[in-house]
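All chains are named by letter (A, B, ...) in the order of the sequence lines, taking the proteins before the strands, and each is independently numbered beginning at 1. Computed from a predicted model, the values in this text were never measured in an experiment.
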Number of protein chains: 4
Amino acid sequence: MTTKKEKKKPETANDKKRRTRLSPEIRRKQILEAALVEFSAQGFAATSISRIAQRVGISKANVYVHFSSKDEIFETLLRSLSSLGKTQGNWRQIEDAEDVPGFIDNLVDATYASFTPEALAILRLMISEGHRIPDVLAKWHEGNVSARAERQAIIDEQVAAGRMKRSPLTEHFQFAMTPFVYAGVAKLVFGDAATEEVERMKDTHRKLLHQLLEP
Amino acid sequence: MTTKKEKKKPETANDKKRRTRLSPEIRRKQILEAALVEFSAQGFAATSISRIAQRVGISKANVYVHFSSKDEIFETLLRSLSSLGKTQGNWRQIEDAEDVPGFIDNLVDATYASFTPEALAILRLMISEGHRIPDVLAKWHEGNVSARAERQAIIDEQVAAGRMKRSPLTEHFQFAMTPFVYAGVAKLVFGDAATEEVERMKDTHRKLLHQLLEP
Amino acid sequence: MTTKKEKKKPETANDKKRRTRLSPEIRRKQILEAALVEFSAQGFAATSISRIAQRVGISKANVYVHFSSKDEIFETLLRSLSSLGKTQGNWRQIEDAEDVPGFIDNLVDATYASFTPEALAILRLMISEGHRIPDVLAKWHEGNVSARAERQAIIDEQVAAGRMKRSPLTEHFQFAMTPFVYAGVAKLVFGDAATEEVERMKDTHRKLLHQLLEP
Amino acid sequence: MTTKKEKKKPETANDKKRRTRLSPEIRRKQILEAALVEFSAQGFAATSISRIAQRVGISKANVYVHFSSKDEIFETLLRSLSSLGKTQGNWRQIEDAEDVPGFIDNLVDATYASFTPEALAILRLMISEGHRIPDVLAKWHEGNVSARAERQAIIDEQVAAGRMKRSPLTEHFQFAMTPFVYAGVAKLVFGDAATEEVERMKDTHRKLLHQLLEP
DNA sequence: AATGAATGAGACTTCATTCAT
DNA sequence: GATGAATGAAGTCTCATTCAT
């Protein structure tokens with residue numbers, strides 16, 4: 001404990017209002033985190049800077065030290081999120097599977113496991129507030145497209161190698177991801193009430209993929 | 001009795017707003033229609049009564065003659081929409097098909113045809129603002145569940161009659177609807193940019209159903 | 001101003017909302033009565049035409065058939081009330097007493113008996129909203145002054161006749177009315193909580209008058 | 001109707017409103033002061049936050065920085081006022097008089113001197129808007145009751161000491177305060193038009209007290 | 001960097017009043 | 001005379017944003 005300068009003010013010992021000064025990067029990150037929670041819970045318009053500041057534990061005005069407007073927060077947030085590219089990260093591991101059944105299981109497990117609250121929050125934001133940032137949306141779309149293309153390439157390889165059965169599904173593998181979106185939306189809209197259904201969906205999903213893809 | 005009372009504003013444009021007087025039912029409907037557009041485009045919080053009134057062509061105050069609050073408009077709207085039960089109506093016709101291939105085509109066509117702007121608006125509202133009205137949401141869920149059960153029953157029948165091939169899909173036919181939701185969300189988020197993809201999805205969807213269901 | 005347009009519309013007979021058509025005088029009276037209740041309970045600004053109409057059992061618009069504005073209702077009301085001249089009516093009876101003790105008792109009884117809810121309502125209106133109608137107030141003041149002069153004359157007579165003891169009180173008899181106002185205000189402000197105190201005041205009032213006036 | 005061509009905006013360039021920043025305590029006090037004036041002049045409902053803000057010289061929104069609602073302003077105001085306990089403060093000095101005539105003179109002078117505009121404003125508020133805050137009213141009542149008891153005790157002492165003549169008035173000394181309320185109400189309702197009458201009342205009041213209390 | 005005070009713009013809502021039947 | 005529908009004006013309150021310390 002280094003003795004700081006004696007404050008002449010009779011301090012009430014554990015005052016909550018401790019002014020803490022953090023580096024801009026950290027504060028920005030804190031604010032974006034709080035913003036994600038709030039925006040995704042209430043939507044853009046219904047979220048107030050006040051709430052975000054409160055969640056971070058700073059003053060409203062301080063938010064404006066780090067961002068110049070609510071819009072900027074939103075945009076920065078979505079821009080950063082969209083680069084996350086949800087499942088992309090896992091995809092490498094998925095294809096590490098040694099055989100097709102393993103690949104399918106990896107795919108299904110990894111995909112359904114990616115329903116983190118944060119991912120759902122992003123999905124909700126994209127659906128309900130995406131229109132605010134068309135360029136981000138466009139970029140996200142692009143990202144999706146290329147990720148899709150990548151996945152398709154892998155599948156094509158497998159088919160060419162005779163390890164997967166050719167079918168309309170292998171021609172258009174993105175189709176295999178659709179139940180995933182369904183599950184996400186179900187969770188989004190119905191919350192816990194959807195859990196059971198999603199479980200069942202996952203099961204059917206897996207079975208059908210096995211049936212369709214395995215030679 | 002000849003006083004015609006031609007109100008003539010000599011100069012300037014005749015922006016003399018003639019008061020139009022309509023029955024409450026019509027006005028309410030107009031307001032709800034406008035509200036659907038606005039709510040679904042901007043969300044609840046970002047939609048102002050002003051905008052709704054403007055869209056209808058009436059004064060803000062007049063909105064309050066017919067609804068007692070913004071919340072009431074929203075609730076009335078969603079309550080009325082949720083009873084629409086999207087595709088239910090068409091389902092009867094779908095199963096009228098004489099054979100399974102016809103049934104599948106009917107199903108796919110009818111389903112993708114139900115992407116009216118209004119239906120998409122409802123979907124968006126349910127996703128982004130559903131939390132405001134948990135009971136409506138619950139009722140909607142119930143409705144969905146029973147519609148699903150009905151569809152399942154029909155499928156079961158077909159399977160029992162040996163006209164459809166049994167598979168994980170026939171066991172859990174709701175799974176066959178998931179690409180539909182995907183397509184809806186794609187349209188919701190990406191708008192016209194999704195058209196092509198949706199078309200392709202529909203095609204794959206149809207082909208796979210044929211492959212999976214026909215004996 | 002209003003163009004008449006006789007419309008002979010076939011009346012749907014058994015409508016619950018029986019439109020009753022009353023003579024203007026009766027309606028006006030009804031409206032004024034309702035207005036007194038509302039104005040005095042909530043004050044001018046907090047009273048809505050709606051409430052008045054509701055109390056009468058007619059539509060808002062109908063109020064405007066009989067009065068041209070809220071202000072007019074208020075003014076008409078206060079004008080009519082101020083002419084009531086509270087105790088004036090009783091005063092004749094009071095002085096009918098044969099002797100001074102009887103006169104005093106009559107005076108006290110009659111005065112305290114005049115605390116009807118209506119009289120209190122008027123008092124409250126004069127205090128809280130009188131400023132809206134200075135001329136009515138002035139007229140009321142005048143009325144009070146002359147009533148006071150009349151009373152004073154009677155007292156002077158009694159004193160001259162040696163039936164009342166001369167004192168500062170007989171010189172300025174209005175002073176004898178002050179406890180009355182006190183009691184009124186107490187009732188106004190504290191409602192039932194003041195009842196006991198007012199009773200006691202009346203008693204003291206009576207005793208002191210006896211002591212001061214009787215020779 | 002009133003087409004005034006008063007457009008005062010062109011010149012006078014320095015309407016650059018300098019933001020003045022004050023401590024909450026001071027602002028709150030300013031707001032409460034302004035609120036007292038406005039509420040008592042127009043009543044609660046007819047007073048707008050706008051007017052209060054204008055009187056203070058700040059923006060409407062700033063009022064809400066210091067109070068959370070109009071009701072809160074009102075309540076805070078009345079609560080603070082009711083604790084003022086009008087004449088209580090002076091009472092000690094009044095009884096400091098060395099003899100009964102001096103006491104009476106002190107009493108009358110102090111009491112009538114307490115008709116400050118502020119005191120009248122409070123009285124008006126209690127009469128016209130007291131019902132909004134029953135608990136404050138009740139507390140005020142209590143305060144009055146105990147002040148009254150205190151005064152009565154002093155009188156009783158004097159009577160016991162033979163320095164005051166026993167009479168219904170000394171038994172119930174609050175009665176001696178009633179002309180005071182009358183005077184207050186007269187001032188409230190008739191304003192300056194009541195001045196003369198109040199003067200005369202004070203004179204009679206003094207004379208009668210002398211006559212009644214001095215042995 | 002941090003914040004409390006301040007504010008303009010705008011949202012919802014109410015209400016006196018008018019219009020047309 | 002009576003009324004339901006309609007509206008402009010105004011009121012309370014919120015909020016993103018700025019200012020000054």
According to a strict under-4.0 Å criterion, is His66(B) in side-chain N/O contact with OP1 or OP2 of dA6(F)?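 Yes, such a contact exists.
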Using only side-chain N and O atoms of Asn62(B), determine if any of them is under 4.0 Å from OP1 or OP2 of dA5(F).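 No, because none of the side-chain N or O atoms of Asn62(B) sits under 4.0 Å from OP1 or OP2 of dA5(F).
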Euclidean distance, atom [atom1] of residue [X] to atom [atom2] of [N] [Å, nearest integer]:
{"X": "Lys70(B)", "N": "dG10(E)", "atom1": "NZ", "atom2": "P", "result": "15 Å"}
{"X": "Tyr64(C)", "N": "dC15(E)", "atom1": "OH", "atom2": "P", "result": "12 Å"}
{"X": "Ile58(B)", "N": "dT13(E)", "atom1": "CD1", "atom2": "C1'", "result": "15 Å"}
{"X": "Phe74(A)", "N": "dA16(F)", "atom1": "CZ", "atom2": "C1'", "result": "16 Å"}
{"X": "Arg51(A)", "N": "dC15(F)", "atom1": "CZ", "atom2": "P", "result": "10 Å"}
{"X": "Gln42(A)", "N": "dT14(F)", "atom1": "CD", "atom2": "C1'", "result": "15 Å"}
{"X": "Ile49(B)", "N": "dT12(F)", "atom1": "CD1", "atom2": "P", "result": "20 Å"}
{"X": "Phe67(B)", "N": "dC12(E)", "atom1": "CZ", "atom2": "C1'", "result": "16 Å"}

Report the base-pairing partner of dC12(E) (Watson-Crick or G-U wobble, both distances below 3.5 angstrom), or none.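 Pairing partner, where one exists within any strand: dG11(F).
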Scan every strand shown for a Watson-Crick or G-U wobble partner of dT17(F), both distances under 3.5 Å, and answer none if you come up empty. dA6(E)
Using a strict heavy-atom distance below 4.0 Å, which residues from residues 23-30 of chain B are in contact with DNA chain F?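 Correct list: Pro24(B), Arg27(B).
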Given the structure, check if the side chain of Lys60(C) and the base of dT17(E) hold any donor-acceptor pair shorter than 3.5 Å.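 Such a pair is found, so the answer is yes.
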Between the base of dT7(E) and the side chain of Arg19(D), is there a donor and acceptor pair under 3.5 angstrom? no
Judged by each residue's nearest nucleotide on DNA chain E, which is more toward the 5′ side, Ser59(D) or Ala45(C)? Ser59(D)
Looking for any heavy atom pair under 4.0 Å, which part of the strands does Ser68(C) touch: base, sugar-phosphate only, or nothing? nothing
